[in-house]
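Only one structure is covered here, and it is reproduced in the block below.
Note that the structure is a prediction, hence the values are computed from the model and not measured. Numbers here are sequence positions counted from 1. Heavy atoms only: backbone and side chains are in, while hydrogens, waters and symmetry mates are out.
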Amino acid sequence: MTIQRQSSFQSKETDTNPKTGTLYLVATPIGNLEDMTFRAVRTLKECDIIAAEDTRQTRKLLSHFDISPGQLFSYHEHNKTASGPELIRYIIEGKNLALVSDAGLPAISDPGADLVALAVREGIPVVPVPGANAALSALIASGLPTNTFTFVGFLPRERKSIQAVLAPLRAAQGTLLFYESPHRVVKTLAHLQEAFGNRRIVLARELTKRYEEFLRGTIDECAQWLEEHPPLGEYVIVVEGESLEEAQEADSAWWRALSIAEHVAHYESEGSNRKDAMKKAASDRGVAKRDIYNALLEE
C-alpha cells in the first residue's frame, strides 16, 4: 500500500508537481443565502474554473455575491464520465477548480464524489471549504441522539433495492438520516415502517428557508399528518435507531441460531402453511417475505 500525504503547509519546494492546481469543494447555501461563508465567496472569486451541478442555478448565486467566474463548467450525474477527466486535466495543467452543488456540500449524494476520487488518484490536492449541510442541520435540531449516526441519503427506486438497503440498518443503534423529495416521502415512510416498525422520526423540510418546519412523532403519526397536509419542499428524514433493549432482545431471539429454512420449517411444524410460515419468519428477521422466498430457493 502506498501512503499519499496532503498537507496545507506543504511548501512548493517539496511539492512533486508545483504546477498542479487544486480542487476546492465549496459549500453553498441550502436555502438561506446568508449561510454563504466569507471563505466560500473568496474561493469562488479566486478559482480559475467553477464546476457546477446546474450552471443556471449557480449563475444566480454568483450574481448575488458579485462573483465573475473565469470559466463555468457543467458537471453532473449525466455527464460526469466525460466531464470528470477533462476537469482533472485542467487542474493538472495548473488551474484551480471550485466544485459546487446546487445546495450544500458537494460530494454528498452528489457526483462530486467521483471527481474527488479522480483527483486523489492523480495526486491532486483536495481542499474542503465547509458550510451548510441539510442532513446535519436536521440532525442537531431533531432531538434524537447525535453521538452516533448514519447518513443514508436517497433510497433507490426499486422495492427490492430499497429492502436491501434498509434490512441491514434495522439493527443500527445510531440515528439514521435520509433525503427525500416531496412526491416520494409518503412511500418512503411506508418502507421505513415496514423495515423498522413504528419508530420515532423527525421530518425536516425547507431547512434555513422561510417556511422551515420540523415534524416530530412516530412514523405512523407523521404519515397521517402528511395525508392531511400534502408534502412540500425537500425533506430530511431523521429516524431513531434501534434501542439497546431491542438489540438485546434481538440477540436473544430463539430463532437466531436457525437457518432460514429451519426457521420456516419451525412455523410449518406448528401448523402454519408455507406462505404464512415465510411471512412469520420474515417478520422475525425484519426482512421482506420475498427475501425469505429467494433465500429458500438458494438453499
Side-chain angles (χ1 to χ4, degrees), residues 4 6 8 20-33 35-65 67 69-139 149-157 165 177-181 207-208 234-236:
Q4 184 188 87
Q6 173 188 323
S8 299
T20 299
T22 297
L23 172 60
Y24 293 91
L25 308 176
V26 182
T28 54
I30 58 176
N32 192 322
L33 290 174
D35 289 337
M36 189 75 166
T37 69
F38 291 111
R39 185 184 176 200
V41 172
R42 177 179 60 79
T43 301
L44 293 178
K45 286 182 176 180
E46 294 177 352
C47 279
D48 304 293
I49 300 172
I50 297 175
E53 188 175 8
D54 184 338
T55 55
R56 294 168 300 178
Q57 186 75 14
T58 299
R59 284 188 190 280
K60 296 177 185 178
L61 179 73
L62 298 177
S63 176
H64 181 85
F65 289 102
I67 300 171
Q71 292 178 285
L72 182 60
F73 281 83
S74 174
Y75 177 80
H76 50 72
E77 184 66 35
H78 303 294
N79 75 351
K80 66 181 182 182
T81 303
S83 295
E86 181 182 3
L87 294 174
I88 292 298
R89 178 172 59 81
Y90 282 124
I91 301 175
I92 292 175
E93 291 175 354
K95 295 183 181 295
N96 290 323
L97 186 148
L99 176 68
V100 298
S101 66
D102 286 349
L105 289 169
I108 300 292
S109 287
D110 175 90
D114 298 289
L115 189 63
V116 173
L118 288 176
V120 170
R121 192 181 308 158
E122 294 294 335
I124 293 170
V126 180
V127 176
V129 182
N133 174 261
L136 294 180
S137 298
L139 174 66
F149 58 89
T150 298
F151 174 75
V152 185
F154 289 98
L155 288 174
R157 297 290 180 124
V165 171
L177 304 172
F178 299 85
Y179 284 160
E180 197 49 271
S181 61
L207 288 170
T208 78
E234 300 297 315
Y235 283 83
V236 179

Tell me if a side-chain donor or acceptor on [X] pairs with a main-chain N or O of [Y] at a distance below 3.5 Å.
| X | Y | result |
| --- | --- | --- |
| N133 | G104 | no |
| T37 | G131 | no |
| Y179 | A135 | yes |
| Q57 | D102 | no |
| N96 | G21 | no |

Quick one: pull up [atom1] in [X] and [atom2] in [Y] and give me the separation to the nearest 0.5 Å.
| X | Y | atom1 | atom2 | result |
| --- | --- | --- | --- | --- |
| L118 | R89 | CG | CZ | 13.5 Å |
| I50 | L44 | CD1 | CG | 4.5 Å |
| L72 | R56 | CG | CZ | 12.0 Å |
| H76 | D110 | NE2 | CG | 11.5 Å |
| L177 | T150 | CG | OG1 | 8.0 Å |
| S101 | D54 | OG | CG | 10.5 Å |

Check: F178 ring centroid to Y235 ring centroid under 6.0 Å: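 No; Y235 has its ring centre 6.0 Å or more from that of F178.
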Heavy-atom distance under 4.5 Å between the side chains of [X] and [Y], does that happen here?
| X | Y | result |
| --- | --- | --- |
| V127 | Q6 | yes |
| V236 | S137 | no |
| R42 | R39 | yes |
| L115 | I88 | yes |
| E180 | F154 | yes |
| S74 | N79 | yes |

For [X] and [Y], work out which heavy atoms get closest and say how close.
| X | Y | value |
| --- | --- | --- |
| D48 | G94 | OD2-O, 4.3 Å |
| M36 | F65 | CB-CZ, 3.3 Å |
| S181 | E234 | CA-OE1, 3.6 Å |
| S109 | F151 | OG-CZ, 3.5 Å |
| L99 | G112 | CD2-CA, 3.6 Å |
| A51 | L97 | CB-CD2, 4.0 Å |

Derivation and outcome, side chain to side chain contact (heavy atoms under 4.5 Å, CB included), residues L25 and L105: CA-CA 7 Å; L25 308 176; L105 289 169; over 6 Å; no
Whether F73 and Y90 hold their rings parallel, tilted or perpendicular, with breakpoints at 30° and 60°: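 Taking Y90 first and then F73, their aromatic rings sit tilted (interplane angle of 30° to 60°).
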